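Working notes for the structure below.
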Amino acid sequence: MGLKAAILPVTPFQQNCTLLWNDETMRGAVSDPGGDIDRIMQTAEELGITIEKVLLTHGHLDHAAAAGELARRLEIPIEGPHRDDLFLISELPAQSEKYGFPSFRGFEPDRWLENGDTVQVGGLTFDVRHCPGHTPGHIVFFNAEAKLAIVGDVLFNGSIGRTDFPRGDYNALISSIRERLWPLGDDVTFVPGHGPLSTFGAERRGNPYVADELFA
């Protein structure tokens, strides 16, 4: 009993939007709704979930483009990312047009998040870790009880986030992973921004970018 999650790949980028909810209260949140709002809302309705907030790991188009519209439709707040991604969120309407995404009005999150903050979802608590590198304001949501982390584009199954976008920083990304994710525990399962799930332990053993043996 407690935290449940359903992953919905959205947008042409097949980004992992995640429905997170407490199966005792049936209240939850949507993380990184980059698009396909109707499908997200329909899935929540079919599962009997009341969505009470939107969570954003970072400001890139495929993760955040539809956040403002979803929040307006449901009259709910947006929490995250860190304020250092404001420049990306400000560009979302122009980026949507450039890449052929639906045209949504701009927005600004109701709450910017800092390292060490907590977020409440349906009676569950998520700890916030600021993990810059892929973007300067990227954050990770971690539920200690379920040992589940929503890591956006910081870390992937067998890979790491790109750092060739504006204000990306490879060294900062490696530090974020090793200093802010690994201490959470090898048995933590994580939902990446794209592709299949993994655990921090598996990535410490075999990820070609951040495996422990590379830093021994």
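Residues: numbered from 1 along the sequence shown. Bear in mind the structure is a predicted one, so any value in this text is a computation, not a measurement.
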Next on the checklist: One pair to check against salt bridge (Lys or Arg N to Asp or Glu O under 4.0 Å): R180 and D127. What are the steps and the verdict?
Outcome noted: CA-CA 11 Å; R180 294 210 162 146; D127 298 314; over 6 Å; no
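- Residues forming a ring pair (Phe, Tyr, Trp, His ring centres under 6.0 Å) with Y209 (at least two apart in sequence, or on another chain): none.
- Hydrophobic clustering, defined by side-chain heavy atoms of Ile, Leu, Val, Met, Phe, Trp and Tyr closer than 4.5 Å, leaves F165 isolated from every other such residue.
- Between atom CG of residue L56 and atom OG of residue S31 there is a gap of 8.5 Å, rounded to the nearest 0.5 Å.
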Next on the checklist: side chain to side chain contact (heavy atoms under 4.5 Å, CB included), that's the test. Do V210 and L181 meet it? Break it down for me.
Outcome noted: CA-CA 11 Å; V210 286; L181 297 188; over 6 Å; no
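- Annotation for Q120 and T118: closest pair NE2-OG1, 4.2 Å, computed over non-hydrogen atoms.
- With sequence neighbours excluded, the residues satisfying side chain to side chain donor-acceptor pair (under 3.5 Å) with R27 are E52.
- Shown here for L214 and N207, the closest heavy-atom pair between the two residues is CD1-O, 4.1 Å.
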Checklist entry - Passes side chain to side chain contact (heavy atoms under 4.5 Å, CB included), H194 versus H63? Steps please. => result CA-CA 10 Å; H194 307 263; H63 292 254; 3.7 Å; yes
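- Under the 4.5 Å side-chain contact rule for hydrophobic residues, L19 and L55 do not share a cluster.
- Residues V154 and L61 are members of separate hydrophobic clusters, defined by side-chain heavy-atom contacts under 4.5 angstrom among Ile, Leu, Val, Met, Phe, Trp and Tyr.
- Across all non-hydrogen atoms, the minimal contact from I78 to A71 is CG1-CB, 3.7 Å.
- V128 and V54 end up in different hydrophobic clusters when Ile, Leu, Val, Met, Phe, Trp and Tyr side chains are linked at under 4.5 Å.
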Identify every side-chain donor-acceptor pair in residues 84-92 under 3.5 Å, counting partners at least two apart or on other chains, and give the distances.
residue: D85; atom: OD1; partner: T135; partner atom: OG1; Å: 3.1
residue: D85; atom: OD1; partner: G137; partner atom: N; Å: 2.7
residue: D85; atom: OD2; partner: G59; partner atom: N; Å: 3.0
residue: D85; atom: OD2; partner: T135; partner atom: OG1; Å: 2.8
residue: S90; atom: OG; partner: L86; partner atom: O; Å: 2.9

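- By the side-chain contact (heavy atoms from CB on, under 4.5 Å) test, A202 pairs with S198, T199, R205, sequence neighbours left out.
- Side-chain contact, H60 with D153: no donor N or O sits under 3.5 Å from an acceptor N or O.
- Legend: residues meeting side chain to side chain donor-acceptor pair (under 3.5 Å) with N171, ordered by chain and number and at least two apart, are absent.
- Using a 4.5 Å cut-off on side-chain heavy atoms (C-beta onward), V30 and L74 make no contact.
- Interatomic distance, CG of D212 versus CZ of R204, reported as 4.0 Å (0.5 Å rounding).
- Residues satisfying the side-chain contact (heavy atoms from CB on, under 4.5 Å) criterion with A149, sequence neighbours excluded, are V140, F142, V151, V188, F190, F200.
- No donor-acceptor pair under 3.5 Å is formed between the side chain of D23 and the backbone N or O of K4.
- In this view, F126 satisfies the ring pair (Phe, Tyr, Trp, His ring centres under 6.0 Å) rule with no residue, not counting sequence neighbours.
- Contacts of H82 classified as ring pair (Phe, Tyr, Trp, His ring centres under 6.0 Å), with partners at least two apart in sequence or in another chain: H130.
- No more than 12 heavy atoms of other residues, nucleotides or ligands lie within 6.0 Å of CD in E45, so this atom counts as exposed by the packing criterion.
- In this structure, R72 is not positioned above the aromatic face of F107 in the sense of NZ or CZ being under 6.0 Å from the six-membered ring centre and within 45° of the axis.
- Taken to the nearest 0.5 Å, the OG1 atom of T25 stands 6.5 Å off from the CG atom of L124.
- Looking only at distances, no side-chain donor or acceptor of E69 sits under 3.5 Å from a matching main-chain atom of I37.
- Among residues at least two apart or in separate chains, ring-ring contact (aromatic ring centres under 6.0 Å, His included) pairs with a member in residues 8-50 are F13-F101.
- H138 is linked by a side chain to side chain donor-acceptor pair (under 3.5 Å) to H58, counting only residues two or more places apart in sequence or in another chain.
- At least one donor-acceptor pair closer than 3.5 Å links the side chain of N143 to the backbone N or O of A146.
- With a 4.5 Å cut-off on side-chain heavy atoms, L8 and D36 do not count as touching.
- Contact check for L3 versus E145: no side-chain heavy atoms found under the 4.5 Å cut-off.
- Atom CG of D187 and atom CG of L184 lie 10.0 Å apart (nearest 0.5 Å).
- Under the 4.5 Å side-chain heavy-atom criterion for ILVMFWY residues, a single connected hydrophobic cluster contains both F104 and Y99.
- Here the closest heavy-atom approach between residue L148 and residue A5 is recorded as CD2-CB, 4.3 Å.
- When atom types are taken as modelled, the side chain of E203 and the backbone of G158 share a donor-acceptor pair closer than 3.5 angstrom.
- No hydrogens or angles considered: nothing links the side chains of T11 and D62 as a donor-acceptor pair under 3.5 Å.
- Take R167 and apply the side chain to side chain donor-acceptor pair (under 3.5 Å) test, not counting sequence neighbours, and it matches no residue.
- Between the CD1 atom in I139 and the CD atom in E114 there is a gap of 9.5 Å [rounded to 0.5 Å].
- Other residues, nucleotides and ligands contribute more than 12 heavy atoms inside 6.0 Å of the CD atom of E46.
- Contact check for F141 versus L113: side-chain heavy atoms found under the 4.5 Å cut-off.
- The local environment of CD in E97 is sparse, with at most 12 non-hydrogen atoms from other residues, nucleotides or ligands closer than 6.0 Å.
- Here the straight-line distance linking atom CZ of R73 with atom CD1 of I40 works out to 9.5 Å at 0.5 Å rounding.
- Under a hydrophobic clustering in which Ile, Leu, Val, Met, Phe, Trp and Tyr are joined whenever their side-chain heavy atoms come within less than 4.5 Å, directly or via other members, I51 and M26 fall into the same cluster.
- A donor-acceptor pair is defined here as one N or O able to donate and one able to accept, closer than 3.5 Å; no such pair exists between the side chain of D32 and the backbone of C17.
- Looking only at side-chain heavy atoms (C-beta outward), N16 and P9 come within less than 4.5 Å of each other.
- Here the shortest heavy-atom pairing between P109 and P81 reads CG-CD, 4.3 Å.
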